[in-house]
Trainee: 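First the structure, which I've put down as structure tokens, then a few questions once you've had a look.
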Amino acid sequence: MTQMTALDTLVPGPLSLAGHRLGTPQQAGALTMVPISGPAHRGYVPPRTGLKLTRVAGYGQVELSNRADSGVAIVPLHIGYIQDRAQNHALCRSAFLAPGQTVRFDDACCVQQSQGGLLSERDQWFFVLPLELRARALDLRGVTGYSKLWDDIAALNARHGLPRRGHLEQILSRKRAVLTQFQSRLEPQPAQLGALFFVSGRFAGLEIAPDPRYFAEMWTALVCFAYGVAAWHAEPAPPGPGTAPFDLAPRDGTPYQGTPYQGAGLAGLRAALDRDRSVRLTEIGGWLADAPTGPVELREEERYLDVRLSTVTAPHLAGQIVTDGDRTVYASLFAR
Amino acid sequence: MDTPTLLAHLHHHDTALSLPRGACLRWDDADLHRAAHTGDPEGYALLGLAPGVRPWQRARVLLQILAASQAGLDDRARAVQARVARVLTLGLPPAHVITVLLALRRLRANHKHTTRTALRFVLEHPAADALIAARRPALRDCFEHALGAATARGCAGRIAGGDTASDYLQRRLLRFLTDPAAAPARVQALYDAGKAAAATPGGDHTAVGEPVLPVDTARRRPATITATNRGDIAATLVHLYRGGPSEDLYAALGRYVGAAAAAFPRFTGTVALVLDASASMRGYGDREWAALSQAAALRMVLSQVCARLEVIETGGDERAPRGATDLATGVLDALGAGPDLVAVVSDGYENVFPGDLARVVASLPGAGVTTPVVFCHALFTSSDDLTLRRPAPSLPQRGFWHQDDFAELLPWMFGHCEAGAPWLRAALHDRLDALDRQADTLTARIAA
């Protein structure tokens, strides 16, 4: 597609995305992902291989370690951990962790109302809080109280037709088979280090990672959980039974209902397909252009050498960014 | 005969034939079978042996070839009908065959080939004694229909009187059989419950429900399916993809592909394979490389079976799957190669853009493109949830997850194109020969 200029209006001022480019969009149901490539910033520890949840010190208290020998770890905004038979927590903010450093987050939120246990070092996987919870979670950064997100989680569950409980696992684990399909329904591009997400044609989020490896490690958490939950809720129920037989009946399912392309021969069809795709790319470009814009408020939260972690707030979006001088290293911004 | 339609019907329509008391035979797809048989009796009979055909469809094929006259058929076609009938009487559950023979009685079908097949089933089936003990009235009806009631009872009376090889028996009964020596005792058992019970002193009738000749090889599904227990080719590829020692693995790969391809005749046409090599085909976690390795295994076997195979990769490539899935452009590129058949091999996740493949496929007829397109679904197991993985539901589609699936997949694929007709016939002739040899072994073992 085109040089990313529209984002300059989406996030004016603090977020320089010079050199970042948009790729060809992909769609899966209600979720549209526009890949972003651009300059990689080496030396940042990626979350899966370098960052570990070492301990849940107490309810609402989570310890993370940067186990890498070198490189600062940027804790992804709103990362949460699922551990078998332990209290699951999510963080309300991002942070820097120096090599070998362990940091305790006292403002974490418990996302599992009825599960006891404070185990450590068990098998774990991480997620990013669903879009619907992110603005509230960001507002609650610095606020202690492990149950502070339960009401919002309960409301989210209720909206998804699940029991009204402060138990995010109802969505993350019970619907995991559906949600994790997003990591295959959408596919990361080589050298991709960021993405724009749209749900039902509306801007949902912008994610930029320091480098492609960091982004690849975030892929599942972002596409399946941060944005997949909202997309799953938005998309219509798929046709047909939940499980298809191995020996697929021919011509089963819902036949294509649209209008066939009008084109003579293969060349005609190819031209018609190209024209149609061009229209759709323009439409997606329009979604970005239509995203609410306006001034944002920037508040610096942390420093590590020359890099800065700041919180972005505005009526139309929020999130956190990491900058190194005028270069954007990390961004996790979402519509509100 | 529209082979894809008929084959799909044989694969999927599995309702039983039934004979309600006092009513007509219930054969819901009789017209289809009659038309197919009329159009190409030999091809029709052979198609009944295609891998994966449902047992009740095989029973219908048996019924059709036994009910129809062979007038006008040449010796070769008659021989094929007879051999297929023999294989099916051994390869179907005996209860299915009995239903077919009783249906022939209702239809009053009484040809020489009908008589021969019925008598051989009743009197020479490897489990004949147990069958007679278990289903004596029904088999006696079959026997009397085959010979005519008066003749059958005449033969039975003579046998009861000690006759075993008179001219009467020879002309009316024994000449239809391959093992006349065994017949008298079984005819007596048909008319004497005591003798029937004595022929199976243990009363063990457990074998009478099962076919004695496995037409389709029974497959045992592993308790846990992994990336490497899905056939030798895919397993070897997975180790190569993971970076295993390449020299030994490549040598083994060549052997495995050669052996797998040798099971099929040569396809003289051109296949264009749209191979999804996107990121999702690589998979992740325990399933990493599973789908791609099996898709690559299919590509490798096809490359040896087909005279010309054009491969159009979408996303990345076989060794480095990456990026998005654009199946619509892949199909247009494939059609540009002028193939006899386009086969899309994909996990079914289409994201550039969803619906494009379906729309392009729907547009082909209007654009004057008649080349058949089929969708081969790369699965992890046979129970994959495909709800979100059907990019073009109107396309003929079939799943595969194991190398053994190729035995059904290739006939299904080639059956969709005109150039595949001779291939399919040759493959089914090979299959008939193999089954016939197994049947010879079976009957020789029983006789011994």
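So that the names make sense, note that chain A is the first sequence line, chain B the second, and so on, each numbered from 1. Since the model is a prediction, treat every value here as computed from it, not as a measurement.
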Trainee: Would A/Arg277 and B/Thr329 count as having a side-chain donor-acceptor pair, cut-off 3.5 Å?
Mentor: yes
Trainee: Who among B/Val360, B/Asp347, B/Val361 has the most heavy-atom pairs with chain A under 4.5 Å?
Mentor: B/Val360
Trainee: Check the pair A/Arg280 / B/Asp356 against side-chain contact (heavy atoms from CB on, under 4.5 Å), numbers first and verdict last.
Mentor: CA-CA 12 Å; A/Arg280 275 178 283 171; B/Asp356 280 4; 2.7 Å; yes
Trainee: Determine yes or no for a side-chain-to-main-chain donor-acceptor pair under 3.5 angstrom, with A/Glu187 supplying the side chain and B/Thr325 the backbone.
Mentor: yes
Trainee: Could you go through B/Tyr284 and A/Thr180, starting from their C-alpha distance and side-chain angles, then the distance that decides it, and tell me whether this counts as side-chain contact (heavy atoms from CB on, under 4.5 Å)?
Mentor: CA-CA 11 Å; B/Tyr284 54 89; A/Thr180 53; 4.2 Å; yes
Trainee: Do you know which of A/Gly265, A/Gly268, A/Ala264 has the most heavy-atom pairs under 4.5 Å to chain B?
Mentor: A/Gly265
Trainee: Any chance you could measure B/Asn351, atom CG, to A/Arg185, atom CZ, to the nearest 0.5 Å?
Mentor: 10.0 Å
Trainee: How many angstroms lie between atom CG of B/Asp333 and atom CG of A/Leu266, to the nearest 0.5 angstrom?
Mentor: 9.5 Å
Trainee: Measure across A/Gln189 and B/Gly323 and return the closest heavy-atom pair with its distance rounded to 0.1 Å.
Mentor: OE1-CA, 3.8 Å
Trainee: Quick check on A/Gln183 against chain B: is it the side chain, the backbone, both or neither that has a heavy atom closer than 4.5 Å?
Mentor: side chain
Trainee: Tell me whether the count of non-hydrogen atoms from other residues, nucleotides or ligands lying under 6.0 Å of CG in B/Asp286 goes above 12.
Mentor: no
Trainee: Can you tell me which portion of B/Val352 sits under 4.5 Å from chain A's heavy atoms? Options are side chain, backbone, both or neither.
Mentor: both
Trainee: Between A/Gln181 and B/Thr387, is any pair of side-chain heavy atoms under 4.5 Å apart?
Mentor: no
Trainee: Find the distance between OG (A/Ser184) and CE (B/Met281) and round it off to the nearest 0.5 Å.
Mentor: 11.0 Å
Trainee: Any idea which of B/Ala279, B/Ala324, B/Ser278, B/Ala320 has the most non-hydrogen atom pairs under 4.5 angstrom with chain A?
Mentor: B/Ala324
Trainee: Pick from A/Asp276, A/Thr32, A/Leu281: which one makes a side chain to side chain contact (heavy atoms under 4.5 Å, CB included) with B/Phe353?
Mentor: A/Leu281
Trainee: Under a 4.5 Å heavy-atom cut-off, does chain A meet the side chain of B/Arg282, its backbone, both or neither?
Mentor: neither
Trainee: Does atom CZ of A/Arg202 have more than 12 heavy-atom neighbours from other groups under 6.0 Å away?
Mentor: no
Trainee: Do you know which of B/Ala392, B/Ala367, B/Gly316, B/Gly315 has the most heavy-atom pairs under 4.5 Å to chain A?
Mentor: B/Ala367
Trainee: Of the listed residues (A/Ala177, A/Gly263, A/Pro35), which shares the most heavy-atom pairs with chain B below a 4.5 Å separation?
Mentor: A/Gly263
Trainee: Got a donor-acceptor contact below 3.5 angstrom from the B/Ser363 side chain to the A/Tyr261 backbone?
Mentor: yes
Trainee: Would you check, one step at a time, whether the test side-chain contact (heavy atoms from CB on, under 4.5 Å) holds for A/Gln26 with B/Asp326?
Mentor: CA-CA 10 Å; A/Gln26 297 175 30; B/Asp326 179 2; over 6 Å; no
Trainee: So, for A/Pro260 and B/Arg359, which heavy atoms are closest and what is the spacing to 0.1 Å?
Mentor: C-NE, 4.3 Å
